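These notes are about the structure you will find just below.
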Amino acid sequence: MSDLAPDRVRPRLRGSFGESYLYVVETSSTQDVLRDSEHPHGAVAVAEHQTAGRGRSGRRWEDEPATALLFSVVLEPPSGSPLPQLSLVAGVAVAVALEREGAVPTLVKWPNDVLVERAKVAGILLEAAGGRVVCGIGVNVDQDEDELPHETRAPATSLRLAAGRRFDRGVLLAAVLDELERTYAAWLGHGLEALADELERRNALDGAIVSVDGRRGVAGAIAADGRLTVELDGGETVLVESGEVEIQATD
Ligand code: BTN
């Protein structure tokens, strides 16, 4: 039986996320499984393999069957909520859970990646429609080097490559869902401020050289509203929305 089968995962769940649990061997994308509004807040869809997995900015997210943790969660925030912040809310949850279960230090790379040893181990994709958000998370768990998602933008790794041992994906999934329920509740109650310490401690881009609209600068803190602080060459400091910054070097 797969480590992601409902009978293996349900006993490990600690909160309400995942009470509605849809497990499929193959689908186009777990994002598509949850598209209909019939799926409640906290519903989770998991797949062993996606035939048309999606990354950010229209990129594909490819996988070798049964080697990754590929799942989506329905979130129904109050209307008017700053939805882009949810990628940081999810990023902190994934980073904390993987660090605890994997015993490997993790960082959040603003706005939507989780890194281990400076390589991407997980990515987050938010798709919003009608005030409802489907939060997709892909974690590289058991891949060899040649099985990792091909992204020219960033080096990638898997938990097994980084930690030197195998992982039960059901254990990882339950840990991420538990953390996501915690960070989401904290964000609902107090905004991103509630996660400020964790974001500061795990900010992979602090000190990175980036370009913003063709202008070079050095990234700094993640601001209280989730935007990235960049000090441009010449001294001007700007706050950048997701998607407007290009990373040139992280050291
Ligand atoms: C990125 O880093 O660009 C985001 C990757 C998100 C991948 C996950 S895998 C589960 C869910 N289903 C998808 O099609 N995409 C997300």
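Owing to the predicted nature of the structure, the values given are computational and were not obtained by experimental measurement. Just follow the structure's listing: the first ligand is 1, and inside any ligand the first atom is 1.
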Under 4.0 Å to a heavy atom of K120 - the qualifying atoms of ligand 1, by number = 1 (C), 2 (O)
query = Should the pair Y23 and Y21 be assigned to parallel (<30°), tilted (30 to 60°) or perpendicular (>60°) ring geometry?
reply = parallel
message = Check whether R118 reaches the backbone of A204 with its side chain - one donor and one acceptor, N or O, closer than 3.5 Å.
response = yes
message = Can you confirm whether the side chains of S2 and E48 place a donor and an acceptor under 3.5 Å from each other?
response = yes
key: Ligand-side contact atoms (ligand 1) for residue partner I124, heavy atom cut-off under 4.0 Å   = 4 (C)
message = Quick one about E181 and S16 (side-chain donor to acceptor, distance below 3.5 Å, no hydrogens or angles considered), yes or no?
response = yes
query = Got a donor-acceptor contact below 3.5 angstrom from the R132 side chain to the V74 backbone?
reply = no
key: Which of the ligand 1 atoms, numbered from 1, are nearer than 4.0 Å to a heavy atom of F71   = 10 (C), 11 (C)
remark   = Here the atoms of ligand 1 under 4.0 Å from any heavy atom belonging to G53 are 14 (O)
message = Under 4.0 Å from a heavy atom of Q50: which atoms of ligand 1 are those, numbered in the order shown and with their elements?
response = 9 (S), 10 (C), 11 (C), 12 (N), 13 (C), 14 (O)
ask   = Are the side chain of H41 and the backbone of E76 linked by a donor-acceptor contact shorter than 3.5 Å?
value = yes
message = Considering both backbone and side-chain atoms of R59, is one of its nitrogen or oxygen atoms within less than 3.5 Å of a nitrogen or oxygen in ligand 1?
response = no
message = As an exercise, identify every atom of ligand 1 less than 4.0 angstrom from a heavy atom of S29.
response = 12 (N), 13 (C), 14 (O)
message = Under 4.0 Å from a heavy atom of D113: which atoms of ligand 1 are those, numbered in the order shown and with their elements?
response = 2 (O)
task = Heavy-atom contacts with R54 under 4.0 Å: which atoms of ligand 1 show up? List them by number with element.
result = 5 (C), 6 (C), 7 (C), 13 (C), 14 (O), 15 (N), 16 (C)
ask   = Polar-atom distance check: W61 versus ligand 1, any N or O pair below 3.5 Å?
value = no
ask   = In terms of ring plane angle, is the pair Y184 and F17 parallel, tilted or perpendicular, where the classes change at 30° and 60°?
value = tilted
